[in-house]
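Shown next, in structure tokens, is the structure this report addresses.
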Protein chains: 2
Amino acid sequence: MGLTKTAQFTDEEILLARYAKALGHPARIAILRVLLERKACICGDIVDELPLSQSTVSQHLKELKEAGLIQGDIDGKKVCYCINDQVWKQAQETLSLLFQSYTSCDSSCC
Amino acid sequence: MGLTKTAQFTDEEILLARYAKALGHPARIAILRVLLERKACICGDIVDELPLSQSTVSQHLKELKEAGLIQGDIDGKKVCYCINDQVWKQAQETLSLLFQSYTSCDSSCC
DNA sequence: TTTTATAATCGTAATTTTACGATTAATATT
DNA sequence: AATATTAATCGTAAAATTACGATTATAAAA
């Protein structure tokens with residue numbers, strides 16, 4: 001069916017999965033790296049950094065935007081992208097907590 | 001086309017995306033939570049904790065296994081699942097570094 | 001005002017994902 | 001040995017994802 005049965009899970013599980021899913025493609029990781037390595041926003045020229053067509057990059061940007069991880073403000077004929085400070089920190093925190101909740105198996109394990 | 005042009009990205013980008021993608025579904029987050037909240041491995045009874053059919057859960061488990069985040073060892077008629085210590089820590093580290101590489105935009109921003 | 005440049009959207013196609021019932025394989029249990 | 005239990009796999013269907021060329025909308029530049 002391909003449709004995630006979202007109703008059955010907690011809000012936190014859904015949110016966490018949304019952030020992770022947005023990060024779940026090499027192109028989007030690459031896009032974020034470009035946004036991260038410059039300290040300021042990027043106006044345009046993201047496409048030039050990636051081995052994908054303009055429309056495909058635009059689609060990936062849209063997904064990152066929909067997950068909230070980045071924002072894009074219109075600035076003349078270009079669009080100014082940058083990391084969304086709040087959401088980025090929230091994603092960091094939530095994912096961090098998941099990973100930190102792990103403690104090694106005890107001796108009775110596998 | 002639906003096929004990720006994986007050749008064009010760095011190994012690290014691909015690895016990072018693979019971990020994130022594995023985390024990119026509420027059911028898989030829920031599965032991991034079950035595995036995380038018990039300190040030991042879980043033999044069976046994962047299906048009972050989730051609002052999905054046995055075959056669907058099995059499929060999600062397979063994806064987590066393929067990403068390396070969990071392991072499942074056969075133990076009689078049950079299968080013993082747990083977090084893969086090494087991979088878990090690697091995923092934590094890699095994702096953590098991505099998030100940490102962010103520094104707020106300077107004043108010339110958007 | 002016409003042209004150029006930028007980026008979103010549309011249309012399309014192939015692949016992957018999500019989901020489930022049914023079946024299968026393997027091992028306990030009776 | 002026959003039966004039950006557990007979990008993977010198979011088959012199938014619907015929806016989502018990935019990708020790109022073409023088109024569109026907007027704004028800057030000529």
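In what follows, chains carry the letters A, B, and so on, assigned in the order in which the sequence lines appear, proteins first and then strands, with residues in each chain numbered from 1. As the structure is a computational prediction, the values presented were derived from the model and not from experiment.
- Nearest to the side chain of Ser53(A), among dA7(D), dT18(D), dG21(D), sits dG21(D).
- Remark: Asp48(A) CG is packed, more than 12 non-hydrogen atoms of other residues, nucleotides or ligands lying under 6.0 Å away.
- Partners of Glu66(B) according to the side chain to side chain donor-acceptor pair (under 3.5 Å) rule, which considers only residues two or more places apart in sequence or in another chain, do not exist here.
- If you measure from atom CD of Glu49(A) to atom P of dT6(C), you get 14 Å, rounded to the nearest angstrom.
- Checking dT18(D), dT18(C), dA19(D) against every side-chain atom of Thr56(A), the shortest atom distance belongs to dA19(D).
- Two residues are said to be in side-chain contact when any heavy atoms from C-beta on lie closer than 4.5 Å; Leu15(A) and Gln90(A) meet this criterion.
- Rounded to whole angstrom, the span from the CD atom of Gln8(B) across to the P atom of dT18(D) amounts to 15 Å.
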Using a cut-off of under 3.5 Å, enumerate the N/O to N/O pairs linking the protein to nucleotides 11-16 of chain C.
| residue | atom | partner | partner atom | Å |
| --- | --- | --- | --- | --- |
| dA13(C) | N1 | Met1(B) | N | 3.4 |
| dA13(C) | N3 | Met1(B) | N | 2.8 |
| dA14(C) | N3 | Met1(B) | N | 2.8 |
| dA14(C) | N3 | Met1(B) | O | 3.3 |
| dA14(C) | N3 | Gly2(B) | N | 3.2 |
| dT15(C) | O4' | Met1(B) | O | 2.6 |

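- Counting heavy atoms of neighbouring residues, nucleotides and ligands inside a 6.0 Å radius, atom CG of Asp11(A) does not exceed 12 of them.
- Per the geometry, CG belonging to Asp73(A) stands 15 Å off C1' belonging to dA8(C), to the nearest Å.
- In the set dT18(D), dC10(D), dA8(C), dC10(D) carries the atom at the smallest distance from any side-chain atom of Ser55(B).
- Residues Arg28(B) and Gln54(A) both approach DNA chain C. Their nearest nucleotides, taken by heavy-atom distance, put Gln54(A) toward the 5′ side.
- With rounding to whole Å, Lys62(B) atom NZ is found 16 Å from dA19(C) atom P.
- When rounded to the nearest whole Å, the span between CG of Leu64(B) and P of dA7(D) equals 16 Å.
- Close to dA19(C), at under 4.0 Å from its OP1 or OP2, lies a side-chain N or O of His25(B).
- When the P atom of dT18(D) is taken as reference, atom CG of Leu23(A) falls 12 Å away, rounded to whole Å.
- Looking at heavy atoms from C-beta onward, Leu16(A) lies out of side-chain contact with Phe9(A) at the 4.5 angstrom threshold.
- Defined by atom type and a distance below 3.5 Å, a donor-acceptor pair is missing between the side-chain atoms of Ser96(A) and Gln92(A).
- With distances taken from any side-chain atom of Lys78(B) to the nucleotides dA19(C), dA7(D), dT18(D), the minimum falls on dA7(D).
- Rounded to whole Å, the distance from CD1 on Ile46(A) to P on dA7(C) is 8 Å.
- Screening Asn84(A), Ile83(A), Leu35(A), Ile70(A) against Leu64(A) for a side chain to side chain contact (heavy atoms under 4.5 Å, CB included) leaves a single residue, Ile70(A).
- Atom-to-atom, CG of Leu61(A) to P of dT17(D) comes out at 16 Å; the value is rounded to the nearest Å.
- For dA19(C), the OP1/OP2 oxygens have a side-chain nitrogen or oxygen of His60(B) closer than 4.0 Å.
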